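First the structure, in the form of structure tokens, and then the observations on it.
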There are 2 protein chains.
Amino acid sequence: MARTAAERLQHEASQGSCAHAVRQEEKAARALAQAEAICRAHGVRLTPIRRKVLETLYTTHKPLGAYDLAEALEPGGRRIAPITVYRALDFLIEQGLAHRLASQNAYIATFQGDSSHEATAFLICEECGGVDEVTSSALTETMANLLNAEGFRAHTKVLEVTGRCAHCQDAH
Amino acid sequence: MARTAAERLQHEASQGSCAHAVRQEEKAARALAQAEAICRAHGVRLTPIRRKVLETLYTTHKPLGAYDLAEALEPGGRRIAPITVYRALDFLIEQGLAHRLASQNAYIATFQGDSSHEATAFLICEECGGVDEVTSSALTETMANLLNAEGFRAHTKVLEVTGRCAHCQDAH
DNA sequence: CTCGCAAAAGTTATTTCATTGCAAAAACCT
DNA sequence: AGGTTTTTGCAATGAAATAACTTTTGCGAG
């Protein structure tokens, strides 16, 4: 199966300088501001816990398990129960700010405002743990055609590819 | 999250007459014979347990959890530990005979011989629980193009769509 | 045939992920 | 402030997957 939470965290620590992690701080700040705007527009509340969860996801930009997040939020505050993290994640996913990677039992922040009618694929690097979020009109169309041909009315699309990102291939 | 094992089983029981279930017995018999041939060709053993797991998946053609399978295999024999089922599933998946639906934490038999370079999408009906396995050259190409453009070397592709199948839409 | 090896299955326990049910607190709205 | 809704806290449990180790089985070489 997917790697364990502990492995994921260690992985992250040892690979912090991978291209995927570069500039995430700046992007995170902007994305967070945008998330606040979105929540205001939706008339929902980005509470401290939700905000902290989202921020953690943004700054790592690597898939984190719910228990990883609980651990990451602990320092400086009190111990956070898993259910609290799950509730925050549910909220963020509902608002299109986060995404569950089914193949990893892990969660990630979305940088592109989840245009829900589009097909978005997640490319998960097995080496550096980084995730790229890609959409293309070709993919969206192809999926739409496929579903139409089958008469299938889609509710949720899970498009996840694991493998090796370009950067990690270069690095052998 | 995905429905629990118990719900899944009850679901199956109450929806046994859905179109997805029709004719599965005949197909299952043929598929099983073919599976035996494949294993012989690969020089691996389709042991009784593995065979029974595969058969159960074939005859339901609905996603089953590992614990569902353990339960399903029990009657007539002795209690089977989860790990045994997981080992059988690992084997079947390795041989391209079964597939894990990551979004459901469940497993299903594959009818099309896993041509591993092709992109295969799984359409999962939320109403009847049936799963359709679809491939198209367009999908395969689109995915290949997308991955090429990103310089991403794919290892495993997870394409799962949940929604409503044509039959269940007709039935309102 | 039987010895010995490797593959498979058994056993028991544990880890990881996710949810349930109910109580307390904080935010919002007059 | 009073009442409502939303959010969070807390304890326990359920569900999925794996770990470590032993026993059994299949099968080829001597």
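Order of the sequence lines fixes the chain letters, A, B, ..., with proteins taken first and strands second; residue numbering starts at 1 for each chain. Everything quoted here is computed from the prediction, not taken from an experiment.
- Atom NZ in K52(A) sits roughly 17 Å away from atom C1' in dT8(D) (whole-Å rounding).
- Side-chain contact check for V161(B) versus T156(A): every heavy-atom pair is 4.5 Å or farther apart.
- The residue among A81(A) and Y107(B) whose nearest nucleotide of DNA chain D is located toward the 5' end is A81(A).
- Residue pairs meeting the salt bridge (charged side-chain N to carboxylate O under 4.0 Å, His left out) criterion with at least one partner in residues 163-172 of chain B, sequence neighbours excluded, are E127(B)-R164(B).
- Not a single side-chain contact (heavy atoms from CB on, under 4.5 Å) links A37(B) to another residue, sequence neighbours left out.
- For N105(A), counting side-chain heavy atoms from C-beta on, the closest listed nucleotide (dA8(C), dA18(C), dT7(D)) is dA18(C).
- Taking only side-chain nitrogens and oxygens, R100(B) comes nearer than 4.0 Å to OP1 or OP2 of dA17(D).
- Between R79(A) and dC10(D) there is no side-chain N or O to OP1 or OP2 distance below 4.0 Å.
- Y67(B) places its OH atom 13 Å from the P atom of dG14(D), with the value rounded to the nearest Å.
- With sequence neighbours excluded, no residue forms a ring pair (Phe, Tyr, Trp, His ring centres under 6.0 Å) with F91(B).
- A sub-4.0 Å separation between OP1 or OP2 of dT25(D) and a side-chain N or O of T47(B) is absent.
- In this structure I80(A) satisfies the side-chain contact (heavy atoms from CB on, under 4.5 Å) test together with L73(A), T84(A), V85(A), sequence neighbours excluded.
- With sequence neighbours left out, the salt bridge (charged side-chain N to carboxylate O under 4.0 Å, His left out) criterion links R79(A) to E74(A).
- The CZ-P distance, from R51(A) to dT7(D), rounds to 17 Å in whole Å.
- Residues near I83(B) contribute nothing to a hydrophobic cluster around it, because no ILVMFWY side-chain heavy atom sits closer than 4.5 Å to its side chain.
- In the helix from dC1(C)-dG30(D) to dT30(C)-dA1(D), the rotation axis of the first five pairs and that of the last five pairs differ in direction by 30°, rounded to 10 degrees.
- The ring pair (Phe, Tyr, Trp, His ring centres under 6.0 Å) search around Y86(B) returns none, not counting sequence neighbours.
- Less than 4.0 Å separates DNA chain D from at least one heavy atom of each of the following residues of residues 82-91 of chain B: I83(B), Y86(B).
- Atom C1' of nucleotide dA15(D) and atom CG of L69(B) are separated by 15 Å, given to the nearest angstrom.
- A search for salt bridge (charged side-chain N to carboxylate O under 4.0 Å, His left out) contacts involving E141(A) returns nothing, not counting sequence neighbours.
- Taking atom CZ of residue R78(A) and atom P of nucleotide dT8(D), one finds them 12 Å apart after rounding to whole Å.
- Protein atom CG of L46(B) is 19 Å distant from nucleotide atom P of dT25(D), rounded to whole Å.
- At distances below 3.5 Å, not a single donor-acceptor pair connects side-chain atoms of T135(A) with backbone N or O atoms of A121(A).
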Query raised in the report: Does the side chain to side chain contact (heavy atoms under 4.5 Å, CB included) test come out yes or no for I38(A) and L46(A), once each step is laid out?
Result: CA-CA 9 Å; I38(A) 289 173; L46(A) 188 63; over 6 Å; no
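- Rounded to an integer number of Å, the gap from I80(A) CD1 to dT7(D) C1' is 14 Å.
- For R153(B), the salt bridge (charged side-chain N to carboxylate O under 4.0 Å, His left out) criterion is met by no residue, not counting sequence neighbours.
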Could you pull out the protein-nucleic contacts involving nucleotides 27-30 of chain C (nitrogen or oxygen on both sides, under 3.5 Å)?
{"unit_1": "dA27(C)", "atom_1": "O4'", "unit_2": "R45(A)", "atom_2": "NH1", "d": "3.3"}
{"unit_1": "dA27(C)", "atom_1": "O3'", "unit_2": "R45(A)", "atom_2": "NH1", "d": "3.1"}

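- Between Q104(A) atom CD and dT16(C) atom P there is a gap of 16 Å when expressed in whole angstrom units.
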